[in-house]
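Quick notes on the structure that follows.
Proteins come first, then strands; the chains are lettered A, B, ... in the order of their sequence lines, and each starts at number 1.
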Amino acid sequence: MAVGNAYRRDDGVGRHIVNAVRRRLGREELGPFDDGFDELGQALDCVVLHQMVPELAETVVDYDQAVFVDAHVPGLGAGMREEALQPQFEATHLVSHQFKPSSILALAQQLYGRAPRGLLLSLPGMDFDFGEELSPEVAAMVPGVVERILLWAGETTGD
Amino acid sequence: MTQKITISPVTRIEGHAKITIHLNDEGKVERSLFHVTQYRGFEKFCEGRPFYEMPQITQRSCGICPVSHHLAAAKAVDACAGVVPTEVAFKLRELMHMGQMIQSHGMHFFELAGPDMIMGFDADPAIRNVAGVVGVNPELAVRAVKLRAFGQEIVRRLGERRVHPIFSVVGGVNKPLAAEDREWIAAQIDDHIATTQQGIALFLNWADANQDMMNEFAVFPSMYMGTVRKDGSLDLYDGKLRLVSEAGAKIVEFAPKDYLQYIGEHVEAHTYLKSPFYKPMGWPQGVYRVGPLGRLNAASSISTPLAQEEMLKWKGLNGGRPVEGTLWFHYARLIETLYALERARELLEDPLILCDDVANDPEELTGEGVGCLEAPRGTLFHHYWTDANGLLTQVNMIVATGHNAWAMGHSVDMVAKRYVDGKHLTEGMLNRVEAAIRAHDPCLSCSTHAVGEMPILIQLVDADGQVVDTLRRD
């Protein structure tokens, strides 16, 4: 689940990562107006989102694993961050227009009785200005994130 | 010694904002300011684009109310192309707008504002969120999630996507409504009306049990603006704009295309958010409120039966005068949700709704077009000017949140003076200040949502600029 604004450069890194994953899986890239929701139901699904909203709990509950891909502010580190997510509500922004990944998992757990294993992967945003191109630094880190996603997904799916 | 408390950024709203609370020598609040600290620039970077791209471009300014921008832009684009959409397209656009209202209002009440009421303003932040709602009423929490998802599904079935739909084109929409989609949407409406009515009962019970707070939390008179039909009843999609006085008397009604004669925009040095005002009265005498509270105060009635039942209660809240309390925004929001659900059913039952006459051909370029509707947060204007080739030469957007800029600042100031004691910072006290903003459900600029963004920082700063105390919530 890639989260971010595709028109604010590195904030939209998730879409780039999703399309790189799709290429590795032999699938066509998502078009600029596609979000991937119409193709759900495969062993490994990819969706892109502008922001996370509560009904995503209904989506993730059907899966064993959920990887959330986002950009992070530079102050949180210069390289890829990896965080195993627990299904727990987070006070800050929890009931904002924007939900956090762990809160989505917690909502799934509380409302539907189960939640997938969660992982948050994020890359440092170097440039959040208007545009669809990634900064060179972030673009260079995309392949590593793709490998990590496929490795983690393969731990369960065997793909 | 003068001190200053800074709350930055405000949690649970979109974008980037902060509140500064200036204290006097005795530690009492002297003045509070609401700052929107991020510059967007959408109007400028649209210049040079073909006008017909605007319904797709401008909705990217938001992830929560893109449909409002999409449809306001579509109206402006029609005007630029000299075309009136078909009656079918008009109704289908309005149906999509109802989906938008349902999802946005539903999320705000049940998942954004509700926790403060259900758990209490002084509750531990760890439980003063949707987790608390789930704990108190898990069935309602599930229904609330489904309510929002329903609104999004209406948008998706019409526009193929839940967010940033592809639907409106010059002169209409790009496809008719499928019969199975009509049946599916119609079949869900009663359930969601029941959920909304549960929310209304929850809110009114809370208001009844907290009358002191309802009567003193940012209660102030102002003018109010909203869209009404010819008979003065509420309309969220199309009509004329009505401005009413503090006493509820009609001041003016005007066609949205004439807005520049009536609406000016004031700029304050401490914020990027412009403050619109009623031009004939000047700034600041001409300030007014919009959004659910403004709309219900401006309208005389509501055309659908269940919402009208609530409207009658609304009109009785302040003895026939406009409702002034900021926390009543929440009740108004739920009444509008009820209206949106009922209105969606009306539209679905319209014999025209499945017709395939969904677009008219554009005529000659007019060089200019205005689009206006009631977004969840208030009146939204899009105004475009084009050259002879249809390229945009100028764009003006007055967004819903902007109309309430003065009211949000004033609300914060009132609440801070009532609840903030600079010598004793408490979570509940500071949350009340934020609640004054949240009641307006502002959407400031949901441009980026990077991990680690927007921690809340409260700083106590003395007259010399020294930070003497800091409270951080991330």
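Interface residue A:Tyr112: only side-chain heavy atoms are found under 4.5 Å from chain B. Residue contact with chain A, scored on non-hydrogen atoms closer than 4.5 Å, involves the side chain of B:Gln56 exclusively.
Residues passing the ring pair (Phe, Tyr, Trp, His ring centres under 6.0 Å) test with B:His70: none are found, sequence neighbours excluded.
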- Message: Test side chain to side chain contact (heavy atoms under 4.5 Å, CB included) on B:Val142 and A:Glu58; report intermediate values, then the result.
- Response: CA-CA 10 Å; B:Val142 171; A:Glu58 289 186 322; over 6 Å; no
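When each of A:Leu56, A:Val53, A:Leu107 is paired with B:Val145, the side-chain contact (heavy atoms from CB on, under 4.5 Å) condition holds for A:Leu107 and for no other.
In this structure the side chain of A:Leu111 never reaches within 4.5 angstrom of the side chain of B:Glu139, judged on heavy atoms.
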Identify every side-chain donor-acceptor pair in residues 131-144 of chain A under 3.5 Å, counting partners at least two apart or on other chains, and give the distances.
from     : atom 1 : to       : atom 2 : distance (Å)
A:Ser135 : OG     : A:Asp10  : OD1    : 3.3
A:Ser135 : OG     : A:Asp10  : OD2    : 2.8
A:Ser135 : OG     : A:Val138 : N      : 3.4

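Using a 4.0 Å cut-off between a side-chain N of Lys or Arg and a carboxylate O of Asp or Glu, A:Glu55 and B:Lys146 do not qualify as a salt bridge.
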